[in-house]
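So the structure is just underneath, and the comments pick up after that.
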Amino acid sequence: MGAVMARSDDNKSMDSSQPRYIRVHENDNVAVVVNPGGLPAGSRFACGLALVEAVPEAHKVALTDFAAGDAIVRYGVAIGYANRAIARGSWVHEDLVRLPEPPALAACPLATATPVPLPRLHGYTFKGFRNADGSVGTKNILGISTTVQCVAATVDYAVKRLKDEVLPHYPNVDDIVAITHPYGCGVAMDAPGAAVPIRTLRNLSLNPNFGGEILVVSLGCEKLQPARLMPAGALPVLEDEPSVAVMQEARHGFSEIVANITQLAEKKLKKLNERRRVSCPASDLVVGLQCGGSDALSGVTANPALGFAADLLVRAGSTVMFSEVTEVRDAAHLLTARAATPEVARAFLGEMAWYDEYLRAGGADRAANPTPGNKMGGLANVVEKAMGSIAKAGSTALMAVAAPGERVTQKGLIFAATPASDFICGTLQLAAGMNVHVFTTGRGTPYGLSVAPVIKVSTNTGLAQRWSDLIDIDAGRIATADATVEEVGWEIFRLILDVASGCKKTWADHWGLHNEFVLFNPGPVT
Ligand code: CA
């Protein structure tokens, strides 16, 4: 972004009651108040600027006088236009900001500013579970896949018993996870949109943390048959070792069904239990990035620090995925310029165009994105949210683009297209092959996933203090000048390696906070 962060003071040892703001880019004509609880009218910053009214924490203050129609510049770009005159020192709240048009996709530059590769980082490793297909697990989990919603409650019943009675005999296996969902029947399986949930379910089962030991539970009469969920090759052991339990084949009721699932599961558990962690290069990491419950500090503290960590990961040869189409749409022109090749830029534009049409068909547009909490947190609109959001993607070239639910195989920075909805994004990133997730939040969410560890980074210190047993890293220290973007970036990078090695636990895993899988189904229901 070429951002040069400027504080209203450059004195690191100021007392905490001194009014402070952060301006991200030298061209910005608004800045964000960072004092906890905000500032009252009359507060005077070290630069001499005085507030003409109270400004809440993480909200914007006008650094200049605006006439109606003037561009409101943050991150060096117009995040909107003044609805009316705004005096210097005023609170620039959402009602004063008119949403600009999104960048026209046809006019986006194609790979015109591809960043040169950063110096390679050598010597960083983690201890993971090496899989036959070359991927690496950060956990050792038995996954039980399902073809249809009808079997979900039964599989949940069997898994509960397995976890209580059987799993303790297999100490090298971390968990048993039922991949249950509301899909598989009563849907138009051959409609174009159906490809997304079907490949999501398939690729979820192939997540590296399941170690290739896939068990599928089917009802029998459903539309999504096991052979369609897992085509030839995806279940290599099908012939010599049964991996599919079909409920309607049971002749002795529920207890036989549960016994069948248990028997198949024990065979898989035996094999998984033989596995041991081995030293793996950091290039075997597939790290998914996401934000949720964002505020105006997201783009100042947590996301830039995560962007710095993303650059470190790319330098170490890892795969780094960012997602959330509606939160990058307004930065499309910046990301296509950063693409490695015009083909990558065009693939990115293809995903943007698909989503524009998806929203249009649903009678919505990108303005539907910011939540009431986002707005209370100081985000005026989706443009401001997008500029803060893409800071997570760091500064390296965009190497590839994946459609929703596709498995990612390339190294470097990848755009894996997903909705911004936290649970759909997390589910789709797991399908893409994610083995560690990093999640930034300003408002706070106890989000967690069963399949991959979720490291949560707070944008502000208040949240990290209120939720000290849910937030793993406090990036709010950047706003209070207690740490730099680079320091927090290195902290995130090192924690990723420790969590991937199983030697540190995220708070979400400590408490067992594992949200449901949520499919993205753009196809019709019948
Ligand atoms: Ca999200």
Side-chain angles (χ1 to χ4, degrees), residues 58 196 200 287-299 301-307 309-310 320-332 335 351-352 355 358-359 364 366-379 381-394 402 404-405 414-432 434 436-460 463 467 470-473 475 492 506 508 513-520 522:
V196 175
T200 301
V287 180
L289 314 179
Q290 201 196 160
C291 47
S294 298
D295 65 7
L297 284 179
S298 296
T301 59
N303 288 350
L306 184 51
V320 180
M321 296 185 284
F322 70 113
S323 297
E324 302 177 284
V325 171
T326 50
E327 292 178 12
V328 304
R329 176 65 181 84
D330 284 278
L335 292 164
E351 292 303 326
M352 296 297 115
Y355 215 93
Y358 167 75
L359 288 175
R366 76 208 207 285
N369 180 311
T371 65
N374 290 155
K375 290 178 176 177
M376 274 167 58
L379 289 174
N381 60 32
V382 71
V383 183
E384 185 174 19
K385 192 170 172 180
M387 294 306 154
S389 177
I390 65 159
K392 304 199 277 305
I414 314 294
F415 181 72
T418 77
S421 159
D422 294 352
F423 308 103
I424 297 179
C425 174
T427 300
L428 289 170
Q429 288 190 341
L430 287 172
M434 168 171 76
V436 178
H437 198 31
V438 187
F439 189 99
T440 67
T441 182
R443 308 291 299 168
T445 161
Y447 176 87
L449 298 172
S450 55
V451 181
V454 178
I455 295 170
K456 287 206 287 295
V457 181
S458 77
T459 72
N460 61 88
L463 173 63
W467 284 14
L470 287 168
I471 298 295
D472 298 291
I473 289 184
I492 294 170
T506 64
L513 302 177
H514 296 155
N515 287 99
E516 301 281 313
F517 300 105
V518 184
L519 292 180
F520 179 38

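Nothing here was measured: the structure is a model prediction, and the numbers come from that model. We count ligands from 1, going down the list as the structure has it; atoms in each ligand are counted the same way.
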Side-chain H-bond candidate by donor/acceptor type, Ser294 with Asn374, under 3.5 Å
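The criterion, which ignores hydrogens and geometry beyond distance, is not satisfied for Asn374 and Ser294.
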Hey, are Gln429 and Ser323 close enough side-chain-wise for a donor-acceptor pair under 3.5 Å?
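Yes, because at least one side-chain N or O of Ser323 sits under 3.5 Å from a partner of the opposite role on Gln429.
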If the condition is side chain to side chain donor-acceptor pair (under 3.5 Å), which residues does [X] pass it with, not counting sequence neighbours?
{"X": "Arg443", "value": "none"}
{"X": "Thr427", "value": "none"}
{"X": "Thr441", "value": "none"}

Number of protein N/O/S atoms less than 3.0 Å from the Ca ion (ligand 1)?
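With waters ignored, the protein N/O/S count below 3.0 Å is 5.
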Working for salt bridge (Lys or Arg N to Asp or Glu O under 4.0 Å), residues Lys392 and Glu327:
CA-CA 11 Å; Lys392 304 199 277 305; Glu327 292 178 12; 5.1 Å; no
